[in-house]
Engineer: 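Have a look at this one before I ask anything.
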Amino acid sequence: MLVHTFVHLPHVGRKTEQKYWAQGIQNWESLLSHIKEKSLASSRFYEIEKALLNTFDNHRNPLYFNSLLPARERWRLYPDFMENCVFLDIETTGVSTWENKITVIGLYDGKEFKQFINGFNLEEFENEIYRYELIVTFNGSTFDLPFIRYFFRHFDPPAAHIDLRYVMADLGFRGGLKSIERELGLERPSEVEEFSGWEAVWLWERYRNGDRGALELLLEYNRQDVVNLKKLLEFACEKHVGEYVSNFIDYRLPWKSL
DNA sequence: CCTGTTCGTCTTGCCCGCGT
DNA sequence: ACGCGGGCAAGACGAACAGG
């Protein structure tokens with residue numbers, strides 16, 4: 001998907017990108033040749049050419065695109081970097097970054113699922129997260145990542161980040177993760193079905209007071225959250241491609257090409 | 001409850017490309 | 001060849017809103 005992407009270039013927004021696509025200019029290579037002669041006469045096209053050359057150099061570097069793509073466009077990173085992608089969700093004792101602490105972090109790479117639990121193996125998270133170049137969350141830019149940053153003393157995972165909240169909002173799905181899941185008909189097992197964030201706080205408290213089963217339930221709740229992120233992102237990619245890309249470009253998402 | 005981030009909106013101003 | 005109008009992106013700012 002990235003080779004078709006132009007919105008990260010200066011002076012190019014969605015409309016300009018679509019204009020190029022409609023003209024049959026559909027990847028970096030062909031845009032570069034289209035721009036070349038123009039760039040001598042025009043400062044705008046010169047800047048675009050410069051950025052394009054940078055793009056070729058960085059085509060395997062998600063952090064480059066991360067800073068240039070607006071939040072609602074970051075879904076485009078997934079098809080290119082899904083091999084080193086991880087879905088992330090944390091549980092805490094409350095919403096205040098400095099007052100509360102992390103209880104559980106769940107990671108799902110699309111196949112394997114791992115959890116890091118406060119008082120057990122939470123410190124190992126920092127080493128584990130280095131293995132990935134793309135992180136996917138829901139509302140992580142205002143919650144999970146600042147929490148992690150504070151908890152691990154200014155540690156920022158060196159990865160690009162897709163926040164599904166903005167990707168979904170761009171498709172017209174506003175509201176919390178649970179309400180969007182319900183809207184899409186993503187089912188959850190009944191034990192954790194009606195849980196809200198408050199339950200996670202309460203379950204940790206019960207576990208601290210000796211209730212072993214409460215921790216099991218909390219971990220299961222966290223697991224559901226993380227695993228559903230993948231379904232949500234793939235839905236979002238399909239919807240974005242269907243509504244925005246496929247009118248112009250014959251593009252197939254990797255998991256759809258079989 | 002609290003807080004950080006992105007967005008929505010509006011304005012500004014650049015520069016492309018049309019029309020003559 | 002040139003001037004002008006319009007389209008579009010960038011910048012600034014305040015507000016909404018999601019997480020446990």
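In this text, all values refer to a predicted model and were calculated from it rather than measured experimentally. Every chain is numbered from 1, with letters handed out A, B, ... down the list of sequences.
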Engineer: It should be established whether W198(A) places a side-chain nitrogen or oxygen under 4.0 Å from OP1 or OP2 of nucleotide dC1(B).
Structural biologist: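 No, because none of the side-chain N or O atoms of W198(A) sits under 4.0 Å from OP1 or OP2 of dC1(B).
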Engineer: Expressed as a whole number of angstroms, how long is the span from I148(A):CD1 to dG20(C):P?
Structural biologist: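 In whole Å, dG20(C) P and I148(A) CD1 are 12 Å from each other.
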Engineer: Measuring from the side chain of F45(A) (C-beta onward, heavy atoms only), which nucleotide among dG20(C), dG19(C), dC16(B) has the closest atom?
Structural biologist: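 The answer is dC16(B), which lies nearest to the side chain.
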Engineer: Does R174(A) put a side-chain nitrogen or oxygen below 4.0 Å from OP1 or OP2 of dG8(B)?
Structural biologist: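 For R174(A), the contact criterion (side-chain N or O under 4.0 Å from OP1 or OP2 of dG8(B)) is met.
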Engineer: Are Y78(A) and W255(A), when compared by the centres of their aromatic rings, separated by less than 6.0 Å?
Structural biologist: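 Yes, the ring centres sit under 6.0 Å apart.
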Engineer: To the nearest Å, how far apart are Y166(A) OH and dG4(B) C1'?
Structural biologist: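 Going from OH in Y166(A) over to C1' in dG4(B) covers 8 Å.
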Engineer: Roughly how many Å is it from CD in E199(A) to P in dG19(C), rounded to a whole number?
Structural biologist: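 Going from CD in E199(A) over to P in dG19(C) covers 14 Å.
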Engineer: Regarding L145(A), tell me which of base, sugar-phosphate or nothing describes its non-hydrogen contacts under 4.0 Å with the strands shown.
Structural biologist: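 The answer is nothing, as L145(A) stays clear of every strand by at least 4.0 Å.
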Engineer: Might you list the N or O atoms of the protein lying below 3.5 Å from N or O atoms in nucleotides 4-11 of chain C, with each pair's distance?
Structural biologist:
{"from": "dC8(C)", "atom 1": "O3'", "to": "T16(A)", "atom 2": "OG1", "distance (Å)": "3.4"}
{"from": "dA9(C)", "atom 1": "OP1", "to": "G13(A)", "atom 2": "N", "distance (Å)": "2.6"}
{"from": "dA9(C)", "atom 1": "OP1", "to": "T16(A)", "atom 2": "N", "distance (Å)": "3.4"}
{"from": "dA9(C)", "atom 1": "OP1", "to": "T16(A)", "atom 2": "OG1", "distance (Å)": "2.7"}
{"from": "dA10(C)", "atom 1": "OP1", "to": "H11(A)", "atom 2": "N", "distance (Å)": "3.0"}

Engineer: A71(A) has a side chain; which of dG20(C), dC7(B), dT5(B) sits nearest to it?
Structural biologist: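 The nucleotide sitting nearest to the side chain is dC7(B).
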Engineer: What's G140(A) touching, base or sugar-phosphate or nothing? Going by heavy atoms closer than 4.0 Å.
Structural biologist: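 Answer is nothing: G140(A) stays at 4.0 Å or more from every strand.
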Engineer: Quickly work out the L229(A) CG to dG19(C) P distance and round it to whole Å.
Structural biologist: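 Interatomic distance, CG of L229(A) to P of dG19(C): 11 Å.
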Engineer: Would you say the side chain of R165(A) and the base of dC17(C) hold a donor-acceptor pair, judged only by whether the two atoms sit under 3.5 Å apart?
Structural biologist: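 Indeed, a donor on one side and an acceptor on the other fall under 3.5 Å apart.
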Engineer: What integer distance in Å separates K178(A):NZ from dC17(C):P?
Structural biologist: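 From K178(A) NZ to dC17(C) P: 18 Å.
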Engineer: Using whole Å, report how far CG of D89(A) lies from C1' of dG19(C).
Structural biologist: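 From D89(A) CG to dG19(C) C1': 9 Å.
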Engineer: Hey, any chance L52(A) and F65(A) share a hydrophobic cluster, counting ILVMFWY side chains that come within less than 4.5 Å of each other, even indirectly?
Structural biologist: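 L52(A) and F65(A): one cluster.
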Engineer: Atom CG of L88(A) to atom P of dG19(C): distance rounded to whole Å?
Structural biologist: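 It works out to 14 Å between those atoms.
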Engineer: With sugar-phosphate meaning primed atoms plus P, OP1 and OP2, does D225(A) contact a base, only sugar-phosphate, or nothing at under 4.0 Å between heavy atoms?
Structural biologist: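 Sugar-phosphate: the residue D225(A), judged by heavy atoms under 4.0 Å, touches backbone atoms but no base.
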Engineer: Is any side-chain N or O of S42(A) closer than 4.0 Å to OP1 or OP2 of dC16(B)?
Structural biologist: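 It does, given that an N or O in the side chain of S42(A) lies less than 4.0 Å from OP1 or OP2 of dC16(B).
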Engineer: In whole angstroms, how far is the P atom of dT6(B) from the CZ atom of R72(A)?
Structural biologist: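 So the CZ-P distance, R72(A) to dT6(B), works out to 12 Å.
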Engineer: Is the distance between the ring centroids of Y20(A) and F248(A) less than 6.0 Å?
Structural biologist: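 Centroid distance Y20(A)-F248(A): not below 6.0 Å, so no.
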Engineer: Hey, which sits more toward the 5' end of DNA chain B by its nearest nucleotide, D163(A) or S96(A)?
Structural biologist: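 Its nearest nucleotide lies further toward 5', so the answer is S96(A).
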Engineer: With a 3.5 Å cut-off and no angle check, do the side chains of D163(A) and S141(A) form a donor-acceptor pair?
Structural biologist: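 Yes, S141(A) and D163(A) have a side-chain donor paired with an acceptor closer than 3.5 Å.
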Engineer: Would you say S43(A) reaches dC15(B)'s phosphate, i.e. side-chain N/O to OP1/OP2 under 4.0 Å?
Structural biologist: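 For dC15(B), OP1/OP2 do have a side-chain N/O of S43(A) under 4.0 Å.
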Engineer: Starting from the 5' end of DNA chain B, give me the residue, E73(A) or P146(A), whose nearest nucleotide shows up first.
Structural biologist: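 Of the two residues, P146(A) wins.
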Engineer: Regarding R131(A) and N84(A), do their side chains bring together a donor and an acceptor under 3.5 Å, going by distance alone?
Structural biologist: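 N84(A) and R131(A) do not have a side-chain donor-acceptor pair below 3.5 Å.
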Engineer: Quick one: label R74(A) by what it contacts on the DNA or RNA (base, sugar-phosphate, nothing), any heavy atom closer than 4.0 Å.
Structural biologist: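 Since no nucleic acid heavy atom lies under 4.0 Å of R74(A), the category is nothing.
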Engineer: W204(A) ring centre to R206(A) NZ or CZ under 6.0 Å, with the angle to the axis within 45°?
Structural biologist: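 Negative - R206(A) is either too far from the ring of W204(A) or too far off its axis.
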Engineer: Side chains of E126(A) and Y130(A): any donor to acceptor distance under 3.5 Å?
Structural biologist: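 The answer is no; no qualifying pair exists.
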Engineer: Mind checking if W202(A) touches a base, just sugar-phosphate, or nothing, with heavy atoms under 4.0 Å?
Structural biologist: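 Result for W202(A) = nothing.
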Engineer: Less than 6.0 angstrom separating the ring centers of Y244(A) and W21(A), yes or no?
Structural biologist: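 That pair passes the under 6.0 Å test.
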Engineer: When you check the phosphate oxygens OP1 and OP2 of dG17(B), does a side-chain N or O of K38(A) lie under 4.0 Å from one of them?
Structural biologist: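 Affirmative; the distance criterion is met.
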Engineer: Look at all strands and tell whether F147(A) reaches a base, only sugar-phosphate, or nothing, counting heavy atoms closer than 4.0 Å.
Structural biologist: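 Answer is nothing: F147(A) stays at 4.0 Å or more from every strand.
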